Amino acid sequence: MARQYWLLKSEPGDYSIDDLEKDGTTFWSGVRNYSARNLMRDKMRLGDRALFYHSNADPPGVVGLAEVCRESYPDHLQFDKKSKYFDPKATKETPRWFMVDVEFMEKFPRMVSLGEIRDTAALSDMVLVNRSRLSVQPVRKAEYDRILKMSKT
DNA sequence: GCCAACGTTGGC
DNA sequence: GCCAACGTTGGC
C-alpha cells in the first residue's frame, strides 16, 4: 500500500518535538478517543509519515515530522493504576487502547502555525481545520507536501 | 480562564 | 437507541 500521511497532536508541555528528537523514538500512548484509536490500530502502517503538531501551544502549529516505526499494540498505560490513562474496563485479554511507535524525522526550520494553515486555501479541507479535536488524523499527500514546503520558506 | 465544539456515559 | 448530563479538547 502507498505510504499514508497523518497528523499527531501533542501538548509541548507534555511531549514536544524536542523530546522526540532527544528520544529518537517513542511510543504514542495516551490516545483515549475511539476515532483516533481506530485510525492508529487499523490504518497506520510502518513507514507512514506524520506531521507533529503542538496543540495548546502559543501559537499552535506543525513543528516537525515523524515516521511510524512500529504498528499498533496495546497501550500499557491503560493497565497502570497510577497513570492518568488507566482504564478500569480494559483487560490484558481485551485491551481497549492501542498505540504505535514513532521515530523522529526532522524538526522544521520554523513552525507552520495553525493560523497560516487556516489562511491557506489549499489546506482548507484539512481535518485539523474542520474537526479540530481529533488528536490523530489523516492528512492528504498534497497537504503534507504543502506544509513541508511552507516550513522551508 | 473562558467557552464552543464535540465525544462519552448511562438511565430510560 | 435516544438523549440529557457531563467531561474533555484546544483555540483564543
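What you see is a predicted model, and the numbers here were worked out from it, not measured in a lab. So you know, we letter chains A, B, ... as the sequences are listed, proteins then strands, and number each from 1.
- A perpendicular orientation is assigned to the rings of A:Phe27 and A:His76, their planes being inclined by more than 60° (bins at 30° and 60°).
- Considering A:Leu7, A:Thr120, A:Leu123 as possible partners of A:Ile147, the one that fulfils the side chain to side chain contact (heavy atoms under 4.5 Å, CB included) test is A:Leu123.
- For the salt bridge (Lys or Arg N to Asp or Glu O under 4.0 Å) criterion with A:Asp75, the lone passing option out of A:Arg96, A:Arg32, A:Arg37 is A:Arg32.
- Residues A:Arg110 and A:Met150 form a side-chain contact, since some pair of their non-hydrogen atoms from C-beta on lies under 4.5 Å apart.
- No engagement by A:Arg32 is indicated, since no non-hydrogen atom pair under 4.0 Å with the nucleic acid exists.
- Between A:Trp97 and A:Asp87, the side chains place a donor N or O and an acceptor N or O closer than 3.5 Å (distance only, hydrogens not considered).
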The contact string for nucleotides 3-12 of chain C, one letter per nucleotide 5' to 3', using protein heavy atoms under 4.0 Å with B, S and - for base, sugar-phosphate only and none, comes out as ----BBBBBS
